[in-house]
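So that the names make sense, note that chain A is the first sequence line, chain B the second, and so on, each numbered from 1.
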Number of protein chains: 2
Amino acid sequence: MPTRATIIAAADDLFYRQGYAATSFADIATTVGISRGNFYYHFKTKDEILDAVIAERAARTKALLAQWEAESTTPAACLHRFVDIFVVNRAKIMRHGCPVGTLCAELAKLDHAALPDAGAIFTLFRHWLARHLEALGCPEPDAQALHLLARSQGIATLASTFHDEAFIDREIAQLHALIDHIATSPEA
Amino acid sequence: MPTRATIIAAADDLFYRQGYAATSFADIATTVGISRGNFYYHFKTKDEILDAVIAERAARTKALLAQWEAESTTPAACLHRFVDIFVVNRAKIMRHGCPVGTLCAELAKLDHAALPDAGAIFTLFRHWLARHLEALGCPEPDAQALHLLARSQGIATLASTFHDEAFIDREIAQLHALIDHIATSPEA
DNA sequence: GTCTATAAATAGATAGAC
DNA sequence: GTCTATCTATTTATAGAC
């Protein structure tokens with residue numbers, strides 16, 4: 001892997017696990033195994049790395065959503081697949097929260113110029129969810145998409161605070177039931 | 001106000017608005033209008049201030065919950081009062097998220113020893129909500145309390161990312177409706 | 001592209017005068 | 001209790017050799 005991509009991958013991981021403010025250039029350089037001097041050849045400022053990390057995450061999200069869609073046979077199956085994030089990434093979410101939600105929360109506090117770009121990753125999920133909700137006949141697909149996103153964020157936040165597996169199981173079951181309900185009687 | 005209390009108040013506000021990692025001793029000292037040297041007379045480490053801030057927030061939370069309870073005539077009214085946080089603190093939440101949720105999220109990432117103490121503020125809400133849900137005859141008061149907390153956290157996270165007032169209004173209305181539904185048919 | 005060396009600024013922390 | 005002065009480590013950033 002070229003150095004630039006390695007740096008982005010390391011920064012991506014460290015920003016997720018430690019947060020943006022708490023991660024220094026030295027942290028990243030040490031993780032990658034290069035000198036700080038070399039580091040500055042690739043990225044001049046911390047903001048530049050952040051932009052690259054956000055772009056990388058957005059690209060991965062697009063690919064993931066396309067994959068979910070390709071592997072699902074119905075709109076409802078797509079929505080269930082979204083909820084299954086908590087099954088696949090449970091351990092990470094319990095330790096570090098949602099990568100998108102925690103980054104946006106931090107950037108909002110820092111009044112950081114990159115907040116809209118980070119929020120755009122949420123928007124990818126939002127539009128993807130809304131598209132499948134609309135396919136189900138949901139009368140307010142965008143509002144319902146935001147609702148599902150909010151529910152997921154709430155679960156992630158409490159999961160990383162309390163580490164309560166039973167709570168996560170209950171909430172996931174509720175989200176699956178909600179999706180089933182929408183699929184069955186979408187006009188409700 | 002004594003200097004110590006002034007420092008705690010300033011740190012409380014800065015931790016909320018900027019985050020813990022992004023706030024330096026110099027930031028706090030400048031805000032209070034004292035020298036860094038004086039600062040260290042009152043607090044030896046950053047962790048000590050954090051502990052004091054968390055203790056202060058916990059005390060304020062207890063007082064707030066007691067006040068809500070004193071001003072409400074029914075358990076349902078108490079629960080509605082909780083949801084009204086979003087009416088009272090809407091502007092702040094849209095800019096900086098929930099003070100409890102964002103602090104816990106950051107401390108979880110930092111693997112910080114104070115995470116349980118910060119989480120205990122969530123627990124104050126949790127037990128308070130569960131008590132009033134139980135009074136309504138809710139069969140799983142603690143699970144329902146966590147559910148309400150999670151819903152609130154999700155709203156706060158998306159609110160600080162998207163700044164979408166209509167979204168907040170919809171979600172608040174849903175929470176009020178949910179509480180009404182529990183109050184009307186608690187066994188459901 | 002990568003390194004070492006180094007600079008300048010900031011952060012956390014202490015000592016001692018007043 | 002508060003200040004100035006000082007110290008050390010870290011962080012961000014640059015210059016120049018290889």
Measure CD1/I34(B) against P/dC18(C) and give the value in whole Å, please. 21 Å
Hey, which of these two, A26(A) or G37(A), hits DNA chain D nearer its 5' end, going by closest nucleotide? A26(A)
Once ring pair (Phe, Tyr, Trp, His ring centres under 6.0 Å) is applied, do any residues pair with H147(B), and if so which ones, sequence neighbours excluded? none
Round to the nearest Å and state the distance from F39(B) atom CZ to dA15(C) atom P. 17 Å
Rounded to the nearest Å, what distance is computed from the CZ atom of residue F43(A) to the P atom of nucleotide dT12(D)? 15 Å
Would you indicate what Y41(A) reaches in the nucleic acid, counting non-hydrogen atoms under 4.0 angstrom: base, sugar-phosphate, or nothing? base
I'd like to know if D169(B) pairs up with R90(B) as an ion pair, taking the criterion as any Lys NZ or Arg NE/NH1/NH2 lying under 4.0 Å from an Asp or Glu carboxylate oxygen. yes
By side chain to side chain donor-acceptor pair (under 3.5 Å), which residues pair with R95(B), not counting sequence neighbours? none
Taking atom P of dA5(C) as reference, at what distance in whole Å does atom OH of Y40(A) sit? 18 Å
Give the minimum heavy-atom separation between L50(B) and A114(B), together with the two atoms involved. CD2-CB, 3.9 Å
Interatomic distance, R36(A) CZ vs dA7(C) C1' [rounded to whole Å]: 13 Å
For the side chain of F25(A), counting heavy atoms from C-beta on, which of dC3(D), dA13(D), dG1(D) is nearest? dA13(D)
Could you check whether S24(B) gets within reach of a base, just the sugar-phosphate, or nothing at all, counting any heavy atom under 4.0 Å? sugar-phosphate
Quick one: K46(B) NZ to dG12(C) C1', roughly how many Å, whole number? 9 Å
For N38(A) and T23(A), find the nucleotide of DNA chain D closest to each by heavy atoms; which residue's nucleotide sits nearer the 5' end? T23(A)
Please state how far atom CD1 in I49(A) lies from atom C1' in dA13(D), giving the value in whole angstrom units. 12 Å
Phosphate OP1/OP2 of dG12(C) contacted by T45(B) side-chain N/O (<4.0 Å): no
Output the rounded distance in Å from CD (Q18(A)) to P (dT11(D)). 10 Å
